[in-house]
Colleague: 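Attaching a single structure in structure tokens format; questions to follow.
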2 protein chains.
Amino acid sequence: MSKKQELLKAAEDKVRSGGYSNFSFRELAKEVGIKSASVHYYFPTKADLGAELARQYTDNFMNLLGAPAKLKKTGKNPIKVYVTQFRRALLEDKKMCLCGLLGAETDCLPEKVKDETKRFFKLNLEWLQVAHKLNDPIDVEQKAANTLSLLEGAMMVSKAVGDNHFFDQATSWLE
Amino acid sequence: MSKKQELLKAAEDKVRSGGYSNFSFRELAKEVGIKSASVHYYFPTKADLGAELARQYTDNFMNLLGAPAKLKKTGKNPIKVYVTQFRRALLEDKKMCLCGLLGAETDCLPEKVKDETKRFFKLNLEWLQVAHKLNDPIDVEQKAANTLSLLEGAMMVSKAVGDNHFFDQATSWLE
DNA sequence: GTCTATAATTTGATAGAC
DNA sequence: GTCTATCAAATTATAGAC
């Protein structure tokens, strides 16, 4: 992994734990074994780092999902796959969704970070609409909004109450 | 309003916009017309302020709701009332739920702030279980978890995409 | 690419006067 | 209750050497 990717990975952990203000160039630098001035070589400003972090997170998240139609064709329920991906992020990483946290803080984020965060949600809503349409083509817009909100909220509350079982309880009715 | 309450109100706005790290004693002091050293007279540490903020927010939130049985008796659907209270917080204050944001940041919060945040969710889940039981006494625990998650998530995503209509879309199936 | 050095600002917190 | 004065630490960022 390149230094640049190491920095982004370190930043991801921090942001997913405590939000945008929970990482500093000095901390990241120390974790990857360089000096904070060198971080500015890769990312001119903190906003640049934050924006690239959200962008890569989004791209990786969508790539891991794959196309709804392809999932369906291999006998899987796309919505189930979607739920499982959120569940894994919570249980394995033991952390919030990066863009969930950033989304909640949106009013205080630099413009370019805000834009990338918004992009995450737009792409997820599109994906969910297509996925729902494959199951039952009625009210897909509402269903997509409902599914996404429920999963983000379930992650958040699970973290808050310190109980992963809560996530399964909250999402038990998702087809 | 006392200086202490003015400080808490100013802090609430900051936290609901950008999280726990988005307020400082100096900023709060300036907003209410005193010096930062004087803020320490009311709240010895930042964690003390944060904890009292979450506690008052919770108490106020529960008081505004009232008892589910009482709502039912006056011809209202308690769940509808509950949804409306979240909706108002988003549309009128144009801000996230205080404890929603704190909950997402929980791993990086001082212990006493974390505890008060947890209390908010525990009380809300209790309230929702009672409320759901009045409508249909089956699966009330799942229903409570589902309702709370959906509302917190819908607030979060609405903020992120900058569209209040999203909230209504996501929550349209809540009875 | 990485460093040293440093600037300018902000932060939480305390001591002690009034 | 509120102030001045101050501290130690952390923050984002830049200039310039190697």
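In this text, all values refer to a predicted model and were calculated from it rather than measured experimentally. A, B, ... follow the sequence lines: proteins, then strands. Residue 1 opens every chain.
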Colleague: Round to the nearest Å and state the distance from B:R26 atom CZ to D:dT6 atom P.
Modeller: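 Distance, rounded to whole Å: 13 Å.
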Colleague: Taking CG from A:L28 and C1' from C:dG1, how many angstroms apart are they, rounded to a whole number?
Modeller: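 A:L28 atom CG is separated from C:dG1 atom C1' by 17 Å.
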Colleague: Between the side chains of A:E6 and A:K9, is the shortest nitrogen-to-carboxylate-oxygen separation below 4.0 Å, so that they form an ion pair?
Modeller: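 Judged by the 4.0 Å cut-off on N to carboxylate O distance, A:K9 and A:E6 do not form a salt bridge.
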Colleague: Nearest whole Å is fine: how far is C:dT2 P from A:K35 NZ?
Modeller: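 Taking NZ of A:K35 and P of C:dT2, I get 13 Å after rounding.
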Colleague: Choose from D:dT4, C:dA13, D:dA13 the nucleotide whose nearest atom is closest to any side-chain atom of B:K46.
Modeller: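 Taking heavy atoms from C-beta onward, the closest nucleotide is C:dA13.
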Colleague: CG of B:N22 versus P of C:dG12: gap in Å, rounded?
Modeller: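 After rounding, the reported distance stands at 11 Å.
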Colleague: Could you check which of C:dG1, D:dG1, C:dA13 has an atom nearest any side-chain atom of A:Y42?
Modeller: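 The answer is C:dG1, which lies nearest to the side chain.
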Colleague: Counting side-chain heavy atoms from CB outward, which of C:dT2, D:dC3, D:dA13 is closest to A:I34?
Modeller: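 Per side-chain heavy atoms of A:I34, the pick is C:dT2.
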Colleague: Pairing donors with acceptors under 3.5 angstrom, does anything connect the side chains of B:N164 and B:K94?
Modeller: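 Looking only at side-chain atoms, B:K94 and B:N164 do not form any donor-acceptor pair under 3.5 Å.
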Colleague: Measure from the side-chain heavy atoms of B:S24 and tell me the nearest of C:dT11, C:dG1, C:dA13.
Modeller: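 Looking only at heavy atoms from C-beta outward on B:S24, the closest nucleotide is C:dT11.
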Colleague: Does B:D168 come within less than 4.0 Å of B:R87, counting only side-chain N to carboxylate O?
Modeller: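 B:R87 and B:D168: salt-bridged.
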Colleague: Please report, rounded to the nearest Å, how far the P atom of D:dG1 is from the OH atom of B:Y41.
Modeller: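 It works out to 4 Å between those atoms.
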Colleague: For the residue pair B:F86 and B:F61, is the inter-centroid distance of their aromatic rings smaller than 6.0 Å?
Modeller: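 They qualify: ring centres under 6.0 Å apart.
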Colleague: Rounded to whole angstroms, how far apart are NZ on B:K30 and C1' on C:dT11?
Modeller: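 One finds 14 Å between C1' of C:dT11 and NZ of B:K30, rounded.
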Colleague: Provide, to the nearest angstrom, the distance between the NE2 atom belonging to A:H40 and the C1' atom belonging to C:dA7.
Modeller: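 One finds 13 Å between C1' of C:dA7 and NE2 of A:H40, rounded.
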Colleague: Take atom CG of A:D48 and atom P of D:dT14, then tell me their distance rounded to the nearest Å.
Modeller: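 About 10 Å, once rounded to whole Å.
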Colleague: Answer with base, sugar-phosphate or nothing: what part of the nucleic acid does A:F43 contact at a heavy-atom distance below 4.0 Å?
Modeller: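 No contact.
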